[in-house]
Amino acid sequence: MVIGVPKEIKNNENRVALTPAGVTELHKYGHMVYVQVNAGEGSGFEDAEYIAAGAIMLPTIEDVYGIAEMIMKVKEPIEAEYDLIKQDQLLFTYFHFASSEELTMAMLAKGAVCLAYETVERPDRSLPLLIPMSEVAGRMAVQEGAKYLEKPLKGRGILLGGVPGVKPANVLILGGGIVGTQAAKMAAGLGAHVTIMDVSLARLRYLSDIMPPNVQTMMSNEYNIREMIKVCDLIIGAVLIPGAKAPHLITREMLKLMRNGTVLVDVAVDQGGCIETCRPTTHEDPTFIIDGVVHYCVANMPGAVPYTSTLALTNATLPYALQLANKGWQKACRDNIDLKMGLNVVDGKIVYKGVADAFNLPLTDVSTMLVEEEVSQ
Ligand SMILES: NC(=O)c1ccc[n+]([C@@H]2O[C@H](COP(=O)([O-])OP(=O)(O)OC[C@H]3O[C@@H](n4cnc5c(N)ncnc54)[C@H](O)[C@@H]3O)[C@@H](O)[C@H]2O)c1
């Protein structure tokens, strides 16, 4: 298959969909990989590394879209890319269609095959191409929290791990899923006193078994949250209710219970946030202060560490990309239910329920399209 990797042109996106290691793998199976010049620059990969791995570098984004049967990207195509997409071209990237009617309409009009990272789903309902970014964000939440606890950045002026003779900071983590678990590991590793809250007793049991002694678990409810926020220095929001807005576990009125300089890192801000006073911020201006409480609410935290994020993402996407390249998208999706779940828009039709529901448009059963293709061969 002919695979194209354009340079990401969305504002502040430094990740790239394929590393030189990924090119080597695809090349090994006989696929042609075309990479746009400088595509890996933001993540620290040079053109020479791609060439050494077997890629052919192309000077412009038009060249890449023009030649490729499968485009591998990180972010959804932006308007400037719409006209470059060809009928039946396979696009393997994050789309988040339900949040953009314009993008959905554009992809329907193009007749492309849109396989969305975020809806690739394992039979156990886990989302293998979202997990790596949650891992990055969870670990980063503690790093950022520790930074903003410093006095010059308006925090309480407390060192997360304390020092001998001085007690460490208290960290509260709301939600013990992927983000929460990674945050807890980092905070505990730095020596903080950590509390993880979740509504799932099974999850709390598991975390209680695997976490070090400076991590305790607590049931998430309003009473416990009110008690804990009085004594915590860093509070990390990491809840997720699939398909729904995050619940406001910390309300505006509860800020007054917190000490001056407490830091809130609401990782769940991309789903509306679990702290009422949070609103999305950017890496350029990541924080704001309300009632003396520092709010960090960057909606795209992994964007700040593109090297790590690119490697984490491509570790997860490459095995799927290989299946798509080796078998073609129809056979790959017939053989692997994870990939089939990733199909959102095919041949001018919406094939993912969440997208059809979001815009009140008809839903086509993709299985019928896959079978039709088999018959016509
Ligand atoms: N800001 C960013 O850059 C960024 C990056 C990655 C992920 N995220 C977001 O982080 C959030 C967490 O993602 P995840 O992968 O850890 O999800 P996850 O599904 O692995 O974990 C969510 C956890 O929240 C728990 N939960 C649900 N309701 C709760 C409540 N009322 N109190 C406490 N816990 C509750 C669930 O039981 C689950 O354990 C999501 O909103 C995700 O979109 C943001």
Side-chain angles (χ1 to χ4, degrees), residues 10 12-15 74-75 94 96 98-99 116-122 124-145 172-186 195-208 210-211 217-226 228-229 235-251 254 264-276 278-283 286-287 295-306 308-309 312-313 316 354:
K10 194 167 177 178
N12 274 322
E13 182 53 66
N14 286 301
R15 289 173 291 178
V74 178
K75 293 304 263 186
Y94 286 121
H96 296 287
S99 62
Y117 288 168
E118 70 276 7
T119 67
V120 171
E121 184 177 321
R122 290 204 197 102
D124 66 2
R125 307 218 55 198
S126 63
L127 303 169
L129 304 187
L130 278 182
I131 287 174
M133 293 305 102
S134 285
E135 290 171 333
V136 172
R139 290 184 172 221
M140 246 187 95
V142 172
Q143 192 168 309
E144 295 300 314
L172 173 63
I173 299 171
L174 301 169
I178 308 290
V179 169
T181 303
Q182 296 303 318
K185 281 176 76 169
M186 291 294 281
T195 304
I196 311 179
M197 287 190 184
D198 204 292
V199 283
S200 159
L201 202 47
R203 187 69 189 170
L204 292 178
R205 278 199 188 101
Y206 168 75
L207 291 169
S208 156
I210 60 154
M211 284 289 162
T217 55
M218 246 177 135
M219 183 47 77
S220 174
N221 57 45
E222 187 177 334
Y223 183 90
N224 285 346
I225 292 172
R226 278 183 182 274
M228 289 302 293
I229 61 176
I235 300 167
I236 295 174
V239 308
L240 177 66
I241 301 177
K245 249 177 126 258
H248 286 157
L249 301 182
I250 295 180
T251 60
M254 286 157 86
L264 307 179
V265 177
D266 198 351
V267 184
V269 65
D270 62 335
Q271 303 294 327
C274 58
I275 296 163
E276 190 180 8
C278 275
R279 55 169 169 78
T281 58
T282 61
H283 290 294
T287 59
H295 293 58
Y296 174 102
C297 318
V298 175
N300 171 28
M301 293 174 68
V305 288
T308 305
S309 299
L313 178 63

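Counting starts at 1 for both ligands and their atoms, in listed order. Only a predicted model underlies this, so the values are computations on that prediction, with no experimental measurement involved.
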Could you see which bit of [X] sits under 4.0 Å from ligand 1, with heavy atoms only: side chain, backbone, both or neither?
X      : answer
Cys274 : neither
Asp198 : both
Leu130 : neither
Val298 : backbone
Ala238 : backbone
Met301 : both

Give the residue, atom name and distance (to 0.1 Å) of the protein heavy atom nearest [atom].
atom                    : result
atom 41 (O) of ligand 1 : Gln271 CG, 3.1 Å
atom 22 (C) of ligand 1 : Leu240 N, 3.4 Å
atom 44 (C) of ligand 1 : Val267 O, 3.0 Å

- Asp270, Asn300, Val269: member with heavy atom nearest to atom 8 (N) of ligand 1: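 Residue with the shortest heavy-atom distance to the ligand atom: Asp270.
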
Does [X] reach ligand 1 with a nitrogen or oxygen that is under 3.5 Å from one of the ligand's nitrogen or oxygen atoms?
X      : result
Ser134 : yes
Val179 : yes
Pro247 : no
Arg203 : no
Ala299 : yes

Short question: side chain of [X], backbone of [Y] - any donor-acceptor pair under 3.5 Å?
X      : Y      : value
Asp198 : Gly175 : no
Asp266 : Cys274 : yes
Thr281 : Cys297 : yes
Ser220 : Val199 : no
His283 : Asn300 : yes
Ser309 : Val305 : yes

- Message: If we only consider heavy atoms of Ala246, is any one of them less than 4.0 Å away from an atom in ligand 1?
- Response: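 Flag not set, Ala246 not near ligand 1.
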
- Step by step, would you call Met301 with Val136 a side-chain contact (heavy atoms from CB on, under 4.5 Å)? CA-CA 8 Å; Met301 293 174 68; Val136 172; over 6 Å; no

- List the steps, then state whether side-chain contact (heavy atoms from CB on, under 4.5 Å) holds for Tyr94 with Leu313. CA-CA 11 Å; Tyr94 286 121; Leu313 178 63; 3.3 Å; yes

- State plainly whether the residues Glu135 and Arg139 are in salt-bridge range, i.e. N to O under 4.0 Å.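 Here Glu135 does not pair with Arg139 in a salt bridge, since their nearest N and O are not under 4.0 Å apart.
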
